Amino acid sequence: MVSATVDSGALRHNLQVLRQWAPRSRVMAVIKANAYGHGLVAVARALESADAFAVARVDEGLTLRAAGIKTPTVLLEGVFDREQLDAAAAANFELVVHTAEQIDLLRAAATGVKFKVWLKLDSGMNRLGFKGAEFGAAHAALSALSAVQSPVNLFTHLAAADEPELATTADQLARFDAATRFLSGERSIANSAGMLGFAEAQADWVRPGLLLYGVSPISGTIGADYGLRPVMTLRSHVIAVKDLAAGEQVGYGGAWTADRATRLAVAAVGYGDGYPRNLGSGTPVLVNGERTGLAGRVSMDMIGIDVTELRRPPALGDPVVLWGEGLPVEEIAVWADTIPYELLCGISQRVAVNLR
Ligand SMILES: *Cc1c(COP(=O)(O)O)cnc(C)c1O
């Protein structure tokens, strides 16, 4: 019923656009969380010309290898025990290293493999990474290990690149520069927002996620503003149409009242598909390509849509677009009081994801 169409041509187009922005950088395409809901393996195949992939967890990387995808793959959180380290060795993963325990694991490694590692500096986000003097000590310790390729590569993550008016990113870049100035090795700093706002953060490797999917991380803008094309379109269709008199109410809690004679369409999509329940009346949807709005609360499997004013009265089976082509997910995220990342990642198991 509900389907998410994934446009592989748009994915490739977006990768090309990003390469033009960062012509001296290689691209580590971030495809964690099922490629932001788009389908891990399908997206990896469409982006086969990426220089590397990045995933959060070992299992995600193993899914790529099981599908026969041999592109270099970075584990953004690294490995946490011996079993994961062995799996990473067998799968030839690159490791982000951000704790002393991970260095100990590599010290004890008996896999015979030399890992490409990315040593992570906590440059101010206070999530993962070594800070200040600990970073230098970790670098020395890693560099001495036979299980680690030389030189160690250098990595940090930006906390607020989507808010370029803040001093945060400049501070982080200065800390990264101070910690790494005299070290060799490849460098990687910028996520999508970093790529957009801070050319000086492009370094050897950029790490775009959201932009690859044609979506902007900067509030108030959409991917198309940067020449990108949306990759996912979430669709359903009309399963009932009815006429209401003024004063009648729609859906659970009667949260919407017809203020005039109203034609209402019911579409088969709801929070059971990952279309958030907090989307209120008026949230834009496209019916037969025409824009109108929700009427009443989002149910588990259905929504009501006010179609009174549409030029073409909808019939059963007519297409309804919830976000994507013609209806930016960035706009829906504002209505849902969240970020587009969460909407994309949040589509449920029930949604059929189709690459085209
Ligand atoms: C998720 C992630 C990215 C990609 O972020 P976007 O904002 O989607 O571009 C880059 N680097 C790291 C470490 C990440 O966790």
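All values derive from a computational prediction rather than experimental measurement. Note: hydrogens, waters and symmetry copies are ignored here, and every other heavy atom, side chains too, is used. As the structure lists them, so they are numbered: ligands from 1, and atoms in each ligand from 1.
Residue P208 approaches ligand 1 through these ligand atoms, each under 4.0 Å from one of its heavy atoms: 9 (O). With ligand atoms numbered from 1 in the order given, ligand 1 contributes 6 (P), 8 (O), 9 (O) to contacts under 4.0 Å with heavy atoms of L210. If you number the atoms of ligand 1 from 1 as listed, the ones under 4.0 Å from a heavy atom of Y36 come out as 1 (C), 4 (C), 5 (O), 6 (P), 8 (O).
With hydrogens left out, the protein atom closest to atom 13 (C) of ligand 1 is H157 ND1, 3.6 Å, a heavy atom. The protein heavy-atom contact nearest to atom 9 (O) of ligand 1 is S192 OG, 2.5 Å. Counting only heavy atoms of the protein, atom 7 (O) of ligand 1 lies nearest to Y341 OH, 2.6 Å.
Ring-plane geometry between Y341 and Y36 is classed as tilted, the angle between the planes lying from 30 to 60 degrees on a 0 to 90 degree scale.
A salt bridge links E77 with R57; the closest basic N to acidic carboxylate O contact falls under 4.0 Å. Taking the charged nitrogens against the carboxylate oxygens, K116 and E186 do have a contact shorter than 4.0 Å, which makes a salt bridge.
The N/O atoms of F155, backbone and side chain alike, include none that comes under 3.5 Å of an N/O atom in ligand 1.
Every heavy atom of A193 sits 4.0 Å or more from the atoms of ligand 1.
Contact annotation: for N191 versus ligand 1, heavy atoms closer than 4.0 Å belong to both the backbone and the side chain.
When the options R207, K32, M195 are ranked by their closest heavy atom to atom 2 (C) of ligand 1, first place goes to K32.
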What's the verdict on side chain to side chain donor-acceptor pair (under 3.5 Å) for R65 and T63, showing C-alpha distance, side-chain angles and the deciding distance? CA-CA 5 Å; R65 292 292 184 263; T63 301; over 6 Å; no

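In this structure, R181 forms no cation-pi arrangement with F176, as its terminal cationic atom is not both closer than 6.0 Å to the ring centre and no more than 45° off the ring axis.
Aromatic rings of F130 and H98 (six-membered ring for Trp) have centroids beyond the 6.0 Å cut-off, not under it.
When hydrophobic side chains of Ile, Leu, Val, Met, Phe, Trp and Tyr are connected at separations under 4.5 Å, L264 ends up clustered with I239, L244, V250, W256, V266, M302.
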